[in-house]
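Just the heavy atoms: all of them, side chains too, but no hydrogens, waters or symmetry mates, feed the values below.
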Amino acid sequence: MRRSSALIATATATLTALALAACGAADDGASGGSTDAEGSGDLNLVADGTLTVATEGTYRPFTFHDASGELVGYDVEVAEAVAEELGLEIEFAETQWDAIFAGLDAGRFDTIANQVSMTPERLEDYAFSQPYTVSRGAVVVPEGDTSITSFDDLDGLTAAQSLTSNWRALAEESGAEIEAVEGWAQSVELLGTGRVDATINDSLTVLDYRAENPDAPIQIAAETKESSEMGFVVTPERAALAEAIDGALDTLREDGTLTELSEKYFGADVTS
């Protein structure tokens, strides 16, 4: 996934292990369900009573337009649930990724919901909510293949990888021979024809593909221990908003809403 690729820190690891403890629930009326629109001035919102959320609208299955043109997706529904829990209206500002942080810095919206990874660099400049999505690197093999159960098992085998992908480095580090492909779709095709033994990609990509193609004859054989965590991001002066979002996410996690949305889009719980 393009957002989590920023976490690659060395040639031997594809994701930086972020040992981030989930932020505690906010105090003094900022916890989930206790902040209403009348008190939203304390959150330093762009528009009082409304949570203005930046998102791409072109990043399936997280934020995209369905056949009717409606903005939908996992991140969209999580943001809507958070706003409802906070007693706020919600307005989405569709923005290209290259300009999304500049818009946040300029105060055009309150937060971003677009699978924003908690990289060390971003943690220095921004405040984040607790993560609502966690992903890992995954080894994908043909369905029924039990010969590969770890990254070490790729030694001497052939893996389909894009030459410009960070996953290629992990495959090479694991000892695999690389079969160059243009992307995920071609990797799956080569797996199906037996031309390659495996491919490495983001676990969310794999789960999304299997949700859309439940009969696809592939399976995840192993995952990295290191994970990439994604959350709502705000500028430092809106740290109180991040705390309020934390409280809302706590409630949505406890009542099962996050798990329900995760399983709707991925067929699995990707929230932890």
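Side-chain contact between Val181 and Arg168: absent, with no pair of heavy atoms (C-beta onward) separated by less than 4.5 Å. The side-chain heavy atoms of Ser187 and Gln161, taken from C-beta on, include no pair separated by under 4.5 Å. Side-chain contact between Leu249 and Val82 is present, with at least one heavy-atom pair separated by less than 4.5 Å. Asn213 is not listed as a side-chain neighbour of Asp215, based on a closest heavy-atom distance of 4.5 Å or more. Here the side chains of Leu241 and Asp110 are in contact, with some heavy-atom distance below 4.5 Å. Put simply, the side chain of Thr224 reaches to within 4.5 Å of the side chain of Leu170, judged on heavy atoms. Side-chain contact between Phe232 and Val116 is absent, with no heavy atoms from C-beta onward closer than 4.5 Å. Contact annotation: the side chain of Leu261 never approaches that of Phe266 to less than 4.5 Å [non-hydrogen atoms, C-beta and beyond].
Rounded to the nearest 0.5 Å, atoms CG (Leu88) and CD (Glu80) are 13.0 Å apart. The OG atom of Ser117 lies 6.0 Å from the CZ atom of Arg122; values are rounded to the nearest 0.5 Å. The distance from atom NZ of Lys264 to atom CD of Glu77, rounded to the nearest 0.5 Å, is 3.5 Å. Atom-to-atom distance recorded for Glu89:CD and Asp48:CG is 11.5 Å, nearest 0.5 angstrom. Distance check: Thr119 OG1 to Glu124 CD gives 8.5 Å after rounding to the nearest 0.5 Å. Rounded to the nearest 0.5 Å, atoms CD (Glu179) and CZ (Arg195) are 5.0 Å apart.
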Ile178 vs Glu172, test: side chain to side chain contact (heavy atoms under 4.5 Å, CB included). Steps then yes/no.
CA-CA 7 Å; Ile178 304 301; Glu172 289 180 331; 3.6 Å; yes
Might you work through the side-chain hydrogen bond (donor to acceptor under 3.5 Å, both in side chains) test for Asp153 and Thr149, ending with a clear yes or no?
CA-CA 7 Å; Asp153 290 336; Thr149 59; 3.1 Å; yes
Side chain to side chain contact (heavy atoms under 4.5 Å, CB included), that's the test. Do Tyr209 and Val188 meet it? Break it down for me.
CA-CA 10 Å; Tyr209 181 82; Val188 174; 3.4 Å; yes
Apply side chain to side chain contact (heavy atoms under 4.5 Å, CB included) to the pair Tyr126 and Asp105, showing each step before the final yes or no.
CA-CA 10 Å; Tyr126 298 96; Asp105 294 337; 2.9 Å; yes
Can you list the steps and then say if Glu177 with Val196 is a side chain to side chain contact (heavy atoms under 4.5 Å, CB included)?
CA-CA 9 Å; Glu177 297 292 330; Val196 298; over 6 Å; no
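Checked by atom type and distance alone, the side chain of Ser228 never pairs as donor or acceptor with a backbone atom of Ser135 at under 3.5 Å. Proximity of a side-chain donor or acceptor of Glu223 to a complementary backbone N or O of Val139 within less than 3.5 Å is not detected. Judged by distance alone, the side chain of Thr199 and the main-chain N or O of Val140 form no donor-acceptor pair under 3.5 Å. Judged purely by atom type and a 3.5 angstrom limit, Thr259 has no side-chain atom pairing as donor or acceptor with the backbone of Asp269. Side chain of Arg238 to main chain of Asn44: a donor-acceptor pair is present (N/O by atom type, distance under 3.5 Å, no hydrogens or angles). Distance alone, capped at 3.5 Å, is enough to place a donor-acceptor pair between the Thr55 side chain and the Ala113 backbone. One N or O on the side chain of Thr193 and one on the backbone of Leu190 form a donor-acceptor pair closer than 3.5 Å. At distances below 3.5 Å, at least one donor-acceptor pair connects side-chain atoms of Thr95 with backbone N or O atoms of Ala93. The main-chain N or O of Thr158 is found under 3.5 Å from a side-chain atom of Asp197 such that the two form a donor-acceptor pair.
Considering every non-hydrogen atom in both Gly57 and His65, the closest pair reads O-CD2, 3.4 Å. The shortest non-hydrogen separation linking Ala176 to Ala159 is CB-CB, 4.0 Å. Here the closest heavy-atom approach between residue Gly144 and residue Gln219 is recorded as N-OE1, 3.0 Å. Residue Ser174 comes nearest to Phe151 through the heavy atom pair CB-O, 3.4 Å, listed as atom of the first residue, atom of the second, then distance. Closest heavy-atom contact between Leu51 and Ala83: CD2-CB, 4.1 Å. When every heavy atom of Ala127 is checked against every heavy atom of Ala242, the shortest pair comes out as CB-CB, 4.4 Å.
Scored by the side chain to side chain donor-acceptor pair (under 3.5 Å) test, Asp145 finds Ser147 as partners (sequence neighbours excluded). Residues passing the ring pair (Phe, Tyr, Trp, His ring centres under 6.0 Å) test with Tyr265, sequence neighbours excluded: none.
Hydrophobic clustering keeps Ile218 apart from Leu157 (ILVMFWY residues linked when any side-chain heavy atoms are closer than 4.5 Å, directly or through intermediates). Transitive grouping of hydrophobic side chains (ILVMFWY, heavy atoms separated by less than 4.5 Å) brings Ile148 and Trp167 into a common cluster. Under the 4.5 Å side-chain heavy-atom criterion for Ile, Leu, Val, Met, Phe, Trp and Tyr, Trp97 and Val233 are members of the same hydrophobic cluster. Linking ILVMFWY side-chain heavy atoms closer than 4.5 Å, directly or via other members, places Val234 and Leu45 in a single hydrophobic cluster. In the hydrophobic cluster analysis, where Ile, Leu, Val, Met, Phe, Trp and Tyr join through side-chain heavy atoms closer than 4.5 angstrom, Val134 is grouped apart from Phe62.
Thr63 and Asn114 share no donor-acceptor pair across their side chains, judged by distance under 3.5 Å alone. Between the side chains of Arg253 and Gln130, at least one donor N or O lies within less than 3.5 Å of an accepting N or O. Using a 3.5 Å distance cut-off with no hydrogens or angles, the side chains of Thr133 and Gln115 do pair a donor with an acceptor. Between Asp246 and Ser129, the side chains place no donor N or O within less than 3.5 Å of an acceptor N or O (distance only, hydrogens not considered). Asp75 and Tyr132 share a donor-acceptor pair across their side chains, judged by distance under 3.5 Å alone. In the model, Asp152 has no side-chain atom that pairs as donor or acceptor with a side-chain atom of Ser150 under 3.5 Å. Between the side chains of Tyr74 and Asp208, not a single donor N or O lies within less than 3.5 Å of an accepting N or O.
Enclosure of atom CD in Glu237 by more than 12 non-hydrogen atoms of other residues, nucleotides or ligands within 6.0 angstrom is indicated. Taking a 6.0 Å sphere around CD of Glu260, one finds it holds 12 or fewer heavy atoms contributed by other residues, nucleotides or ligands.
In this structure, Arg60 is positioned above the aromatic face of Phe64, its NZ or CZ under 6.0 Å from the six-membered ring centre and within 45° of the axis.
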